[in-house]
Amino acid sequence: MHASLLLLLLAPASFALNKHVAIVTGGTRGIGKGIAEALASQSFDLLLTYNSDADAAAATAAEITEAYGCAVECVGGDVSQPATRDAIFAKFDEAFKATHALGAVVHNAGQYVGVTSSNADGIGPSPQLGFGDGSLLGDDGAPDLGVMHYYQRMYGDAYVDLCERGLARMGEGGGSLVGISSPGCTLTYKANLGYDMPGSGKCVMEYAMRLFALRAAKKNVNCNVVIPGVTTSDAWGKLADARGADVDEMVGGIAGRIAPMGSMAPRAVGDGVAFLCSPAGRAVTGVSLPVDNGVHLKT
């Protein structure tokens, strides 16, 4: 028998608690990469998901491994699909379950459908859809709910699935469940009339989070949602292109209007998430927490 395997078999039950892994969806770019880097800096090994750009994911994994010395595994696929979520937990069970405690699950993956990324439903760019303005109604007079349902699967369904399966894998040491929401839909901010479709999914996340927090407490698991501010990422570039705008002017203009402390880097959001996933942050549970350079003060 190989010596390392023998040591593992003979190790005490607490061995698995010496290493922790975090699952971060959409963890190879933008805010997700900032979250991954912050968790890596706190000695988490990582299981990161990406949608379709395998080369970019591999490059991020190599960069984080070199910088922080942690193990990084990647799983590709549209997180709105149950098969992708099956693959995430199959990879966790295969690569980490024997040696690691699952310390955190962060559902960050998201997109403006048809604009910032591809999607499994093949939905392309479409006019902005809103509740009550007639835009959802087709020629037959009935509403087309395809885009809304995609957002609900990507945010609501995926969040619940990830939290359920993640919580079942967290041991006596507890852990953290985190969702990434948006100023456009959180109940403590003004309603954003341009955020109807994404908000229809993220509001499920924000409500479910509070119920998860109540029930997960007995396992020493805290559960929160983080609401970023105007965060510089490549998604803004794609949004700017779609609107025929300059990305720096667009980000600067929005941040100037709604963020007292200006725009923020993805790592700043990541540090907020990492705090919630640390022992020091464990007492914070059941909240939608702005990590936003003050956006909540003006929206």
Assigning hydrophobic clusters by single linkage (Ile, Leu, Val, Met, Phe, Trp, Tyr; side-chain heavy-atom cutoff under 4.5 Å), is Leu39 placed with Leu47? no
Listed pairs under 3.5 Å, donor-acceptor, residues 136-144 side chains, sequence neighbours left out:
from, atom 1, to, atom 2, distance (Å)
Asp140, OD1, Ala142, N, 3.0
Asp144, OD1, Gly146, N, 3.0

Same cluster (ILVMFWY, side-chain, under 4.5 Å), Phe44 and Leu276: yes
Any side-chain heavy-atom pair of Pro183 and His296 under 4.5 Å: no
Does the side chain of Glu206 reach to within under 4.5 Å of the side chain of Cys185, using non-hydrogen atoms? yes
Donor-acceptor check, side chain of Asn224 to backbone of Gly286, threshold 3.5 angstrom: yes or no? yes
Going by heavy atoms in the side chains, are Lys202 and Val225 under 4.5 Å from each other? no
State, with a plain yes or no, whether a side-chain heavy atom of Val273 is found less than 4.5 Å away from one of Asn108. no
Whether the side chain of Thr60 engages the backbone of Thr28 through a donor-acceptor N/O pair (distance < 3.5 Å, no angle test) should be reported. yes
Say whether, by atom type as modelled, one donor and one acceptor occur between the side chain of Thr285 and the main chain of Cys223 under 3.5 angstrom. yes
Approximate separation, where rounding is to 0.5 Å, of Ile23 CD1 and Thr49 OG1: 9.5 Å
Between Ser263 and Thr231 (side chain of the first, backbone of the second, donor and acceptor by atom type, cut-off under 3.5 Å), is there such a pair? no
Can a salt bridge be assigned to the pair Arg165 and Asp86 using a cut-off of 4.0 Å between side-chain N and carboxylate O? yes
Cluster check Leu167, Leu162: I/L/V/M/F/W/Y, side chain < 4.5 angstrom: yes
Give the cluster check for Tyr155 versus Ile31: same hydrophobic cluster or not, with ILVMFWY residues linked at side-chain heavy-atom distances below 4.5 Å. no
Before you tell me yes or no, could you show the steps for Val21 and Phe92 under side chain to side chain contact (heavy atoms under 4.5 Å, CB included), namely the whole-Å CA-CA distance, both residues' side-chain angles and the distance that decides it to 0.1 Å? CA-CA 9 Å; Val21 63; Phe92 169 80; 3.3 Å; yes
Judged by atom type as modelled, is there a donor-acceptor pair below 3.5 Å linking the side chain of Ser278 to the main-chain atoms of Gly281? yes
Ser135 side chain near Met197 side chain, heavy-atom distance below 4.5 Å: no
How about Ser288 and Met209: do any of their side-chain heavy atoms sit closer than 4.5 Å? yes
I'd like to know whether Asp133 forms a side chain to side chain contact (heavy atoms under 4.5 Å, CB included) with Leu193, so could you lay out the CA-CA distance, the side-chain angles of the two residues, the decisive distance to 0.1 Å, and finally the verdict. CA-CA 10 Å; Asp133 63 5; Leu193 294 179; over 6 Å; no
Shortest non-hydrogen separation from Ser182 to Ile227 and the atoms involved: C-CG2, 3.5 Å
Sidechain-backbone polar pair: Asn192 side chain, Gly184 backbone, donor-acceptor under 3.5 Å: no
So Thr25 and Arg85, side chain to side chain contact (heavy atoms under 4.5 Å, CB included) or not? Walk me through it. CA-CA 10 Å; Thr25 65; Arg85 303 193 296 270; over 6 Å; no
Under a 4.5 Å side-chain heavy-atom rule over Ile, Leu, Val, Met, Phe, Trp and Tyr, are Val287 and Val105 clustered together? no
Hey, does the side chain of His20 reach the backbone of Ala104 with a donor-acceptor pair shorter than 3.5 angstrom? no
Find out whether Asp196 and Tyr151 are in side-chain contact, i.e. whether some heavy atom of one side chain is under 4.5 Å from a heavy atom of the other. no
Please report the C-alpha distance between Val230 and Asn293 in whole Å, then the side-chain angles of each, then the deciding distance to 0.1 Å, and finally whether the side chain to side chain contact (heavy atoms under 4.5 Å, CB included) criterion is met. CA-CA 8 Å; Val230 183; Asn293 276 1; over 6 Å; no
Decide yes or no for Leu46 and Cys70: does some side-chain heavy atom of the first lie under 4.5 Å from some side-chain heavy atom of the second? yes
Show every salt bridge (charged side-chain N to carboxylate O under 4.0 Å, His left out) that has at least one partner inside residues 51-76, sequence neighbours left out. Lys33-Glu63, Glu73-Lys91
